[in-house]
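I have placed the structure first, in the form of structure tokens, so that the comments after it can refer back to it.
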Amino acid sequence: MKLFVAMLAGILLLAGCSPSSKKKEFNIIPYPVELSEGAGAFDLSANVKHAIRIGDADEALIDYLINVVKKEQGLELSTCKQGKIQFEINSELQLPKEGYLLSVTTKGVSITANERVGLFYAIQTLRQLIQIDEKGKATIPVVEIKDYPRFAWRGMHLDVSRHVFSVTEIKQFIDYLAMNKLNTMHWHLVDDQGWRLEIKKYPKLTEIGGWRDKVGFEANQKKGLNTDDGKPYGGFYTQEQVKEVVAYASERHITIVPEIELPGHSAAALVAYPEYYCDNAGELEIWSQAGVSAGVYCAGKESTFKFLEDVLTETMELFPSEYIHIGGDETPKDTWLACPKCKKRMKEVKAHDEHELQSYFVGRIEKFLSKNGRRLIGWDEILDGGLAPNAAVMSWRGVAGGVKAAEAGHDVVMTPMFPYYFNHVQNHVPNAPGHPGISTLRDVYTFPSIPADISPENRKHIIGVQANIWTEYIPKFEHIQYNVFPRLFAISEVAWSQQTRPWEDFYSRVQNKFPILERYGINYGKISYHVGINVKPQYEANSAEIEFIAERPLPIYYTTDGSEPTQTSITYEGKFVLSQNAHIKACQFKPDGTTTNISEKEINFHKAFGKSYDMKYNHAPQYDGGGKFGLTNGFLGVWIGVEEKPVDVTIDLGTETEITKINSRFKNQPMSWVFGPNTITYSVSLDGKHFKEVATFNPGITESDVNEIVTYPAEFATEKVRYVRILAESVGVCPDWHPAAGGKAWLFADEIIVE
Ligand code: ACM
Ligand code: ZN
């Protein structure tokens, strides 16, 4: 219980809500750079009739302020020549871009900035300063604030291809961003599942490409999130609607960065205009399921580039953004390798492989955008095969792509899928919308947005952070709200504040935002009772340090023998070290004594613990098993993912070692394109050259909708060995019966246990 009491005391102190404390509450998100409080408060209730002096603000700003205060506090503020809330623009003011000064005295409020945007952000702070007491009296505490953002790019993305959202909903989404001082909306307008942007020159893009045969994404119907009436599903935004949305955003100081995916994720466009697909590459359809289709533009046809330049020309006319996002992720290149025109192009441009052909493709688009005064940004795959220096990179497969890009001098936006993909669930509420994989509010808040291993001189290339929301499993706007809140508060503070504050401080401020979300009618996610288990292996000592992380200031109970924790189990009091095999289970309990989820981790100090290994085929950067020793780090449940190729690993035990057992674990989840191994062989060697086979398995392919972990334990007469090789053959591509037949299959491997 000790920890609980200490944490609770900490929160009371920080929040200043102990009855005897005079400390004021400043529940501002994102927290300002400098805040110094004074004595007393400005009496807003006494001044509602003469609240606002327009000064250097404009009608739209003042209307905005009046509307939010009415909505959030129920106060009807008026403007007046002698208004006590004053706005001033002073272009001489020495303040970083987008900054503002906000000064509250007992007599009034003064807001100063060097541009309109600063006034807008000051309003976002001001609305959070207003306090209403039990008698309904409104005051603003005396305070001096100086504030400006950490990052120039403070983004939130929205996928409207997988599911479509109305213009009204898009505007609400923009409001959420603006209220949290984000300044960029990345609008994912096109993908395999639908094209959503009207292009006058190519009307079939929306007439045909905007519609699929049904809403699809069966998992949503299984969860009860929506129904599939079997009717065509789709829609698009007209150019008039887009202009309206861009203007709405601009007034709120939000730049909309449109994304036109190329060369892959383009099935919807290619169903509408098959002439830009490789000849004889087969039929495409507009998908109503997750995954990556084979819809990739032909790189060999000049007409493809003409088409894309026309599309981008109309896109640039609609979106004044400096950056245009061109996608570039997850491009299957099989059609290129089989296409005479693409092969001819490869020769012509001296592309040594298909990755260099993609680099050529992206390079041409980059030149076109540059010529039009714009900058290209794309997903981190655009680094493969070389990239124009002026192009910027969005790091989504973890942070490694971002580090590599920054070191090469490219500007980078950090958007690693864990924790910045808000389509991952944030709690363990059954049937919650979103993809499997948890990313809690705390994960988002505490993640280091600038990786420690970037050299100091290249840190400036990290221009921002962004959260993304992919909508395969987020069919309705209420689900967008649920997955975005409260995590939007966390990305807001990460993006804006110079540094984040202790978790307990943030947690306390977030609590105070829930009533406001309710006033807005926003459906928000509940803070989880999830306990994260961090394992830090200590290879030399043959031990591991264990740390539990929870969001709520409640006790954490745990066991190490695999039994279910109860409220009489051990109470966590801080990090501890384990040196025996263990099966940890940990949880928090809700006030009613139930728990939503028990976290677990198995730790095994086996003979390959912490031993280095070679992999013949690299794992994908986003599935690295937790780092360099992903297959030998002693703990289970963090996966290495290899696409299409075998997992072929040779572990070096360092010295001659007697072994009698090998075990390995794989995932088998065919509907997520993850298949268990087709065959698996263990062999051992003393010299690393001559191997002796000790076990083999032929599990084959599971033809069903299972989601399981499969293990392959083998026991044999004692062998004296130094090297252990595991060769797990992949099924390669999804088989004929699979919805994504022919698509590259994944092989996911976990710890390899040697005893
Ligand atoms: C991505 O998530 N494929 C960028
Ligand atoms: Zn081709």
Side-chain angles (χ1 to χ4, degrees), residues 155 157-159 161-162 186-193 257 259-266 270 273-282 284 287 290-305 307-308 325-349 351 354 357-358 360-361 377-384 393-399 401-402 405 412-424 434-435 437 439 466-474 620-623 641 643 672-673 743-744 746:
H157 143 293
L158 177 64
D159 167 13
S161 174
R162 278 55 180 257
H186 170 174
W187 204 359
H188 187 80
L189 287 158
V190 307
D191 214 304
D192 292 325
Q193 292 84 351
V257 176
E259 180 178 353
I260 303 294
E261 275 266 23
L262 58 90
H265 282 277
S266 297
L270 291 168
Y273 292 96
E275 54 269 46
Y276 308 123
Y277 194 37
C278 292
D279 299 334
N280 308 315
L284 284 171
W287 278 21
V292 182
S293 99
V296 177
Y297 294 110
C298 178
K301 296 176 183 173
E302 270 310 293
S303 58
T304 299
F305 292 95
F307 165 79
L308 287 170
H325 201 300
I326 57 81
D329 57 322
E330 301 178 312
T331 308
K333 300 177 181 79
D334 312 329
T335 51
W336 288 357
L337 294 171
C339 167
K341 291 193 173 83
C342 284
K343 285 196 276 197
K344 181 161 169 275
R345 175 81 78 190
M346 277 174 78
K347 272 215 188 93
E348 214 174 84
V349 302
E354 64 274 29
L357 185 58
Q358 165 149 341
Y360 161 80
F361 199 117
I377 186 165
W379 303 112
D380 56 51
E381 286 95 327
I382 64 172
L383 279 169
D384 302 343
V393 170
M394 224 169 231
S395 187
W396 74 276
R397 296 177 299 173
V399 297
V412 171
V413 176
M414 280 296 179
T415 179
M417 59 194 289
F418 285 103
Y420 291 166
Y421 275 21
F422 288 180
N423 42 288
H424 288 129
H435 285 77
S439 193
Q466 179 173 293
N468 294 346
I469 188 152
W470 302 96
T471 58
E472 288 91 338
Y473 303 113
I474 313 221
Q622 70 271 37
Y623 303 117
E643 200 178 15
S672 304
W673 307 35
K744 286 179 189 173
W746 288 92

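Ligands are counted one by one from 1 in listed order, and the atoms in each one are counted from 1 as well.
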Go through the side-chain N and O atoms of [X] and [Y] and say whether any donor and acceptor fall under 3.5 Å apart.
{"X": "W396", "Y": "E381", "answer": "yes"}
{"X": "S293", "Y": "D192", "answer": "yes"}
{"X": "W379", "Y": "E259", "answer": "yes"}

Practice item. Could you tell me whether the side chain of T304 and the main chain of F307 form a donor-acceptor pair under 3.5 Å? Key: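 Looks like no, no N/O pair under 3.5 Å.
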
Check your understanding: Taking the side chain from K341 and the backbone from D279, do they hold a donor-acceptor pair closer than 3.5 Å?
Key ->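 Looks like no, no N/O pair under 3.5 Å.
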
Exercise for review: Check C298 against W336 and note the closest heavy-atom contact, atom names and distance.
Suggested key: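 Reported closest heavy-atom pair: CA-NE1, 4.2 Å.
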
List, pair by pair, the atoms of ligand 1 and of the protein that are both N or O and lie under 3.5 Å apart, giving the separation rounded to 0.1 Å.
{"unit_1": "ligand 1", "atom_1": "2 (O)", "unit_2": "Y421", "atom_2": "OH", "d": "2.6"}
{"unit_1": "ligand 1", "atom_1": "3 (N)", "unit_2": "D329", "atom_2": "OD2", "d": "2.6"}
{"unit_1": "ligand 1", "atom_1": "3 (N)", "unit_2": "E330", "atom_2": "OE1", "d": "3.2"}

**Study point:** the Zn ion (ligand 2) - number of protein N/O/S atoms closer than 2.8 Å
**Key:**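 Protein heteroatoms (N, O, S) closer than 2.8 Å to the Zn ion (ligand 2) number 4.
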
Practice item. Could you label the plane-to-plane angle of the Y360 and F305 rings as parallel, tilted or perpendicular, counting under 30° as parallel and over 60° as perpendicular? Key: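 Perpendicular: the ring planes of Y360 and F305 meet at over 60°.
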
Exercise for review: Please state whether the rings of F418 and H424 are parallel, tilted or perpendicular, taking 30° and 60° as the class boundaries.
Suggested key: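 F418 and H424: parallel rings.
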
Point to revise | Distance flag, aromatic centroids of W187 and H325, threshold under 6.0 Å | key: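 Ring centres of W187 and H325 not closer than 6.0 Å.
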
